[in-house]
Number of protein chains: 2
Amino acid sequence: MSEELLDIGEVAERSGLAASALRFYEKQGLIDSAGRNGLRRSYRPGVLDRLALIVCARGAGFTIAEIAAFLRATPGDLELRARMADKATRLEEDIARLERMRDGLRHASACTHEPLVECPGFKRHFPPDAALAARRAGVGRG
Amino acid sequence: MSEELLDIGEVAERSGLAASALRFYEKQGLIDSAGRNGLRRSYRPGVLDRLALIVCARGAGFTIAEIAAFLRATPGDLELRARMADKATRLEEDIARLERMRDGLRHASACTHEPLVECPGFKRHFPPDAALAARRAGVGRG
DNA sequence: GTCTGACTTGAAGCGCGGTTCAAGTCAAGG
DNA sequence: CCTTGACTTGAACCGCGCTTCAAGTCAGAC
């Protein structure tokens, strides 16, 4: 059973994350190691599932602190569950924004208007009222 | 016609952005003012459309530099147009990630598994291979 | 004419999410 | 036993996207 354990280099390679990021996540309480081999961390393979979740959540714009809170969730924490449902709803808005951006880019990449940014067919995707609604949101590295 | 011009405070209020952000965007070349009334910037109302686009793009994870490049686009810049089309494709992946996160959160907010994070129905949304594919992406403020 | 407060500037600072560095430890292979 | 190189630590640093600050200007209302 102990032969199933992975060292940080293996986890880094399999997850695609840097070892420094794994140590950082451990310090922030997002993952934990199964123990040590000497000084070295040993990880259970299940940490890879956990990391997949973390990568997805980070990619969806969640902060480390938010992810930590969600990971600690128990069925009894009604307030946290409510916040999760709320986050899901906000993700709908984020998705809508990404779809508008995608459509705008597709248009722009095939449009002959000069300059592109003034094309009405392009601008149609970005109405000012939608921007106002979006002001507290945002995704990240694209 | 000159009565149509807005000062920075009005633009801030109407766009939902801070005046400091507007000055920052101007310095980065994302927007420009129509001139000055004394020392004070005057903006054309059209800047609000431009800002809507910027807010959307920022929310979709684009950096200031990327947005500046796209805003300078002309139909003749084939390489930039190719990059736009490429970005649109990547947005599809981002959208898929947000959808998985949304579904996972919806499940979690109604799930009785203890701890929630170990629920198979929840984890199903976050397969390790999807995380690997996502490694260079990410949205932002959620 | 004078007051007020929204504007101006450049530079410094902040929060986030890590990365990098220097110095040291130690498991495993030969 | 000795070497190697992947690991360990805490602290310093980085890039991004602004925000804040100090010091000053000045348009518009009174």
Side-chain angles (χ1 to χ4, degrees), chain A residues 2-3 5-43 47 51 54-69 71 131 134-142, chain B residues 2-3 5-43 47 51 54-69 71 131 134-142:
Chain A
S2 64
E3 240 348 287
L5 295 178
L6 310 170
D7 89 350
I8 199 170
E10 292 172 291
V11 175
E13 187 174 0
R14 292 210 211 174
S15 68
L17 294 163
S20 60
L22 298 176
R23 288 188 208 103
F24 177 73
Y25 288 166
E26 191 169 332
K27 204 173 299 186
Q28 304 305 309
L30 300 191
I31 58 176
D32 59 308
S33 51
R36 300 275 178 139
N37 174 22
L39 274 189
R40 302 174 183 207
R41 290 166 179 81
S42 297
Y43 291 101
V47 80
L51 287 169
I54 293 167
V55 166
C56 185
R58 286 282 306 116
F62 291 87
T63 66
I64 299 290
E66 285 173 327
I67 297 169
L71 289 176
R135 264 309 294 135
R136 67 175 175 353
V139 185
R141 323 272 64 227
Chain B
S2 65
E3 240 348 286
L5 296 178
L6 310 171
D7 89 350
I8 200 170
E10 291 172 292
V11 175
E13 187 174 359
R14 291 210 210 174
S15 68
L17 294 162
S20 60
L22 298 177
R23 287 188 209 103
F24 177 73
Y25 288 165
E26 190 169 333
K27 203 172 299 183
Q28 303 305 308
L30 300 191
I31 58 175
D32 59 308
S33 52
R36 300 275 178 139
N37 174 22
L39 273 190
R40 303 174 182 207
R41 290 166 179 81
S42 297
Y43 291 102
V47 79
L51 288 169
I54 293 168
V55 166
C56 185
R58 287 281 308 116
F62 291 86
T63 66
I64 298 291
E66 285 173 327
I67 297 169
L71 289 176
R135 265 308 296 134
R136 56 149 191 13
V139 185
R141 322 272 65 226

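These numbers come from the heavy atoms of this one structure, side chains and all, not from hydrogens, waters or symmetry mates.
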Nucleotide nearest B:F24 (side chain, heavy atoms from C-beta), chosen from D:dC7, C:dT9, D:dT19: D:dT19
D:dT19 C1' sits how many Å from B:I8 CD1, rounded? 13 Å
What integer distance in Å separates B:L30:CG from D:dC18:C1'? 12 Å
Between P of C:dG10 and CD of B:E26, the distance in whole Å: 12 Å
Pair B:R14, B:Y43 - check side-chain contact (heavy atoms from CB on, under 4.5 Å), show working. CA-CA 12 Å; B:R14 291 210 210 174; B:Y43 291 102; over 6 Å; no
So, is A:R41 near the phosphate of D:dT8, with a side-chain N or O under 4.0 Å from OP1 or OP2? yes
Between C:dC7 (C1') and B:L22 (CG): distance, integer Å: 13 Å
Check the interface with nucleotides 20-30 of chain C: list each N/O to N/O pair with the protein under 3.5 Å, or write none.
none

More 5' along DNA chain C: B:K27 or B:G9, using each one's nearest nucleotide? B:G9
Derivation and outcome, side-chain contact (heavy atoms from CB on, under 4.5 Å), residues B:I64 and B:Y25: CA-CA 8 Å; B:I64 298 291; B:Y25 288 165; 3.6 Å; yes
Please say whether more than 12 non-hydrogen atoms of neighbouring residues, nucleotides or ligands are located less than 6.0 Å from CD in B:E13. no
Take the protein atom CZ of B:R58 and the nucleotide atom C1' of D:dG15, then report the distance between them rounded to whole Å. 13 Å
Would you indicate which nucleotide in D:dT8, D:dG17, C:dC7 comes nearest to any side-chain atom of B:I64? D:dG17
So among A:V11, A:D32, A:I54, which one has a side-chain contact (heavy atoms from CB on, under 4.5 Å) with A:V47? A:V11
Drop me the distance from B:L30's CG to B:R58's CZ, to the nearest 0.5 angstrom. 9.5 Å
Atom pair distance, as rounded to whole Å: CD in A:Q28 and P in C:dC16: 10 Å
Separation between CZ (A:R41) and CD1 (A:I31), nearest 0.5 Å, reads 8.5 Å
Between D:dT8 atom P and A:Y43 atom OH, what is the distance in whole Å? 7 Å
Separation of D:dC7 atom C1' from A:L5 atom CG, nearest Å, is 16 Å
Whether the side chain of A:E10 engages the backbone of A:D7 through a donor-acceptor N/O pair (distance < 3.5 Å, no angle test) should be reported. yes
For a quick test of reading the model: is some side-chain N or O of B:Y25 closer than 4.0 Å to OP1 or OP2 of D:dC18? yes
